[in-house]
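First comes the structure, then the notes that go with it.
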4 protein chains.
Amino acid sequence: MLTIAPGDTVHTTTVDAGGSDEHSVKRSAGGNPETGPFYIQGAMPGDTLVVHVDRLRLNRDWAGSDDGIVQSALSPDLAIKTRDNNKSIRWHLDLANNTATPDPASDHLKTLAVPLHPMLGCIATATGPAGAPPPTGDSGNWGGNLDFNEIAEGATIYLPVSNPGALLYVGDGHAIQGDGEINGNALETSMDVQFTVDLIPGKRLSSVRVETPQTIIALGYSGSLDDAFRDATSNMAQWLTDDYKLTPSEIAQFIGVAAQYKVTEVADRNSGVALKINKSVLQTLTKPK
Amino acid sequence: MLTIAPGDTVHTTTVDAGGSDEHSVKRSAGGNPETGPFYIQGAMPGDTLVVHVDRLRLNRDWAGSDDGIVQSALSPDLAIKTRDNNKSIRWHLDLANNTATPDPASDHLKTLAVPLHPMLGCIATATGPAGAPPPTGDSGNWGGNLDFNEIAEGATIYLPVSNPGALLYVGDGHAIQGDGEINGNALETSMDVQFTVDLIPGKRLSSVRVETPQTIIALGYSGSLDDAFRDATSNMAQWLTDDYKLTPSEIAQFIGVAAQYKVTEVADRNSGVALKINKSVLQTLTKPK
Amino acid sequence: MLTIAPGDTVHTTTVDAGGSDEHSVKRSAGGNPETGPFYIQGAMPGDTLVVHVDRLRLNRDWAGSDDGIVQSALSPDLAIKTRDNNKSIRWHLDLANNTATPDPASDHLKTLAVPLHPMLGCIATATGPAGAPPPTGDSGNWGGNLDFNEIAEGATIYLPVSNPGALLYVGDGHAIQGDGEINGNALETSMDVQFTVDLIPGKRLSSVRVETPQTIIALGYSGSLDDAFRDATSNMAQWLTDDYKLTPSEIAQFIGVAAQYKVTEVADRNSGVALKINKSVLQTLTKPK
Amino acid sequence: MLTIAPGDTVHTTTVDAGGSDEHSVKRSAGGNPETGPFYIQGAMPGDTLVVHVDRLRLNRDWAGSDDGIVQSALSPDLAIKTRDNNKSIRWHLDLANNTATPDPASDHLKTLAVPLHPMLGCIATATGPAGAPPPTGDSGNWGGNLDFNEIAEGATIYLPVSNPGALLYVGDGHAIQGDGEINGNALETSMDVQFTVDLIPGKRLSSVRVETPQTIIALGYSGSLDDAFRDATSNMAQWLTDDYKLTPSEIAQFIGVAAQYKVTEVADRNSGVALKINKSVLQTLTKPK
């Protein structure tokens, strides 16, 4: 456990979801092993931990994935029979050209080139009163296996603190992940990670929030997309009440025109929905005095 | 009923959801009155009707909306009490500056300026064997009240044909609509509409598809977002099978990295999910011979 | 349209879902053709229509069904491949012995004998201000294609009135239907029907309620079972407030120990949940003065 | 850890969900503490553990509960404002008269008398390869916090074995629980428990099954009731295939007429649905040779 203070910057690495590092050496058991915990000096239950992802870079030339489709993405009457898809797929990561391609590639994917977009699948504070590490395949208001592809370089993540020191974990780097993580795996790989932490004492969040240079994002994770949608909306409504002093009527008017909802993931126990609002619109709100 | 031929371009107008036209004169009863039907010569059941939205322009300086939040967007434990929101809200549309503002605006919305983005809430072919007009507050594989904010100028919509002549309807113009249409209403207004129709004989679609200059989009609409998500995925899987000859394994690999899922609406009987794929990635697929 | 008065008893018949009568003569098009409307003298919007099902009897020796399973009942990974089930199944109704058997029966069903339990799949008042007949394949607070197997002889159904005269319809008789109507069809047959109507002036119901000799039942129908569950609970909570003056705390305590929730159907656009409470427990509530 | 053999009968007790025993003495921390594990000699991964609940008796005169309603049971527009229900409720258990009553009882519940029906909320085998105890507030194919009110005296539960010795746990006794456990708690109390175990070597179950003297019951637990419904149906379909050799068409015909679906619980992470079939109908199936 590394102890750091608010304002400190950490340089570290994450292994891939199977536990292999940048030299393809297996360092730990699979199942999204995480790096951490980091003990943040002064963090107390009821605070908000702020994590700026300063730098998130790929550090090897391959990622592992598969060709399955999770049940929550499949219509029972899908004419395309994907039931027997169960191959591991290796992807070549071309860092020079910033693209990924299956390797070997089947016939129609031989020229496929998808832009790399490194992201962290897992970011979490410890849960529970005893500081137990968070599960790495689940999510909650403590963060977790969010699998949200905008937790990338330049993003800031706001997490509730439940234990002294917060006990931050990061891991499950993805070279690319489409919305939903419909294969169950994304392009799982190792990463170089640099982040800076901060604290907002006494600010109690009910759910995870994210900020990027262009947007503010309220996350909702629940057992169905319909409930996740409601949770994301409630999370944003609370945010607009706290920081912008909007009334319930104003919240409705504003979200009604400004909301962008995307599905973050359907591959784990909770499904996730992100409610994004562009800062260009947000900045036209009249500031509370 | 106007009869047009494939390749023809139509210039028309739509009234707002309440039936009022560009002069604020009430022309019909409310409930998303639509313009149409247009009889497309030669269209037969089993064909696909192609509608290019060439031009979609606002033609008056106001829109009507409200400050409610639909049930499907509300957590029962939402601290913010929106239950009593039930005011009509008038929005001023500033066509010169391309922005909208509530009028009058309450305290925190006085400087709000949201970019206009005109869209058609309803586009549909007639349903059923008798050519009955489609319902205007519902959706299905025939289109309908899709409330998808990318059915805008420059978009192409692909609709199944169920009747001779297809019997196309358009309406329910929105000056702006956030994803989900969470107020139940968007910024409801009248429009000038220009579109061009085309036919793909013998191509039978199971669901609606949309194409924009940058993306291809498969829609799914169902009673829950979870089922809509599955339907959108199946719709895209079929598209990639038909037009790109991808195998089930290739479909999984490709959607896994390329999918963008957004929520289109939660305000009507069906909720909708759109699965979008950027053409920049799509074009790297190896073309079938 | 037959005009009847509160207190009147009606003797009528219903054809089967395909339109055939007790002599197997096709009398109308398929799609759950209903008998009605019955105009109830004095019924006005805002009243509650009470329908006692006095007698519900089979009047022929066969029913039609099929061997499909609707999508909402199928796991995508179901090892049993039911995808190709699409046969019509004829059932022999043995009125003397009160059982049904497939006819012809396949190997493992040759001795199958299921007790007959006649029920009405459809019961509805007219919807909308113009008195338009209700759709026969959908449901709502006006009743409709509820497919609830306790709408049987001896049951009393409470329906909201939306039009002068209420305009009552009945139909879609099932000789037997398992919960859920998972084949899409039940054992569809014709019926002899006798019912008595009554009115509760000025009592405005938000949803359908049912009473049997042993139970009171609040129905909820919505796009997902999760929402139907919520609607049934709200419907019962309102009932206990109105008629028993329970406080919110008392409602929670009482439903917490007394609720029986069953799934009524998953085969149509809305799925349904019934919240049943035994009268033996209900009668131990302390009567309001 | 007590080691027992197939055929052995165990007499034990369970504390209540808060950890208090039959003398109201707190014996362990709250959170559904369980009794166990019991190591069953010879049980190996891939076997099925059979647990007969021979006797399940209340052993004190009170139970603890509350007057809340869980979110999944609440419509956002429920006119009855239950949001502030948050009282603990003590229930008096009258073992002589076999009834329960809130104590003290509020005005309308003073004469309330609900029949006692003792049940086990938790029954589980250890999960995972390391034999870790199962979580006590969650459920899965290993059983868990099923909160199904038919796991009562006389029931037989079939559980998959994942570890040598199976490692059986029981706990979370409820004096009464309505379907759904909508208060989050049922009538939580301590119990005298007697059960007999058995093994079916080499029979691999995918989900939990239950048998009572009158019925066979396939359980489904998932993040939404809609998915739990599908899982219960699949579980029963597999059962009818394995033990009765029904074909897919026969499964559909049989479940279509014989299914009884009830909601088991909505209070935990998974919601549950039970598909019950009466043995009286089951026994009319033609036995496979």
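When reading the values below, keep in mind they use all heavy atoms of this one structure, side chains included, and skip hydrogens, waters and symmetry mates. Quick caveat: nothing in here was measured; it's all calculated off a predicted structure. Below, read A as the first sequence line, B as the second, and so on, with proteins coming before strands; counting in each chain starts at 1.
The shortest distance between side-chain heavy atoms of B:Leu225 and B:Val273 falls below 4.5 Å. Annotation: side chain of A:Lys276 is not in contact with side chain of A:Tyr261 (no heavy-atom distance under 4.5 Å). For the pair B:Val114/A:Phe254, no side-chain contact is recorded, criterion being any heavy-atom separation below 4.5 Å from C-beta on. With contacts defined as side-chain heavy-atom distances shorter than 4.5 Å, the pair B:Met236/B:Ile277 qualifies.
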Please walk me through it: do B:Leu219 and B:Arg209 pass side chain to side chain contact (heavy atoms under 4.5 Å, CB included)?
CA-CA 6 Å; B:Leu219 297 181; B:Arg209 297 174 183 169; over 6 Å; no

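Classification of B:Asp67 and B:Lys87 as a salt-bridged pair holds, one side-chain N sitting under 4.0 Å from a carboxylate O.
Neither the backbone nor the side chain of B:Ser65 comes within contact range of chain A; no heavy atom of the residue lies under 4.5 Å from a heavy atom of that chain. Contacts between B:Ile89 and chain A at a heavy-atom distance below 4.5 Å involve the side chain alone, from C-beta outward. Proximity to chain B is limited to the backbone of A:Tyr244, based on heavy atoms less than 4.5 angstrom apart. Heavy atoms of A:Ser106 lying under 4.5 Å from chain B belong to its backbone as well as its side chain. If you measure heavy-atom distances from A:Leu187 to chain B, the contacts under 4.5 Å come from the side chain alone. When heavy atoms are compared at a cutoff of 4.5 Å, A:Leu109 approaches chain B by way of both its backbone and its side chain.
Highest contact tally toward chain B, considering only A:Thr264, A:Leu112, A:Asp226, is held by A:Asp226 [criterion: heavy-atom pairs under 4.5 Å]. Highest contact tally toward chain A, considering only B:Leu285, B:Asn149, B:Ile176, is held by B:Leu285 [criterion: heavy-atom pairs under 4.5 Å]. Note on A:Ala100, A:Gly256, A:Ser271, A:Ala186: by heavy-atom pairs under 4.5 Å with chain B, the leading option is A:Gly256.
A:Phe148 approaches A:Met119 most closely through the heavy-atom pair O-CE, 3.5 Å.
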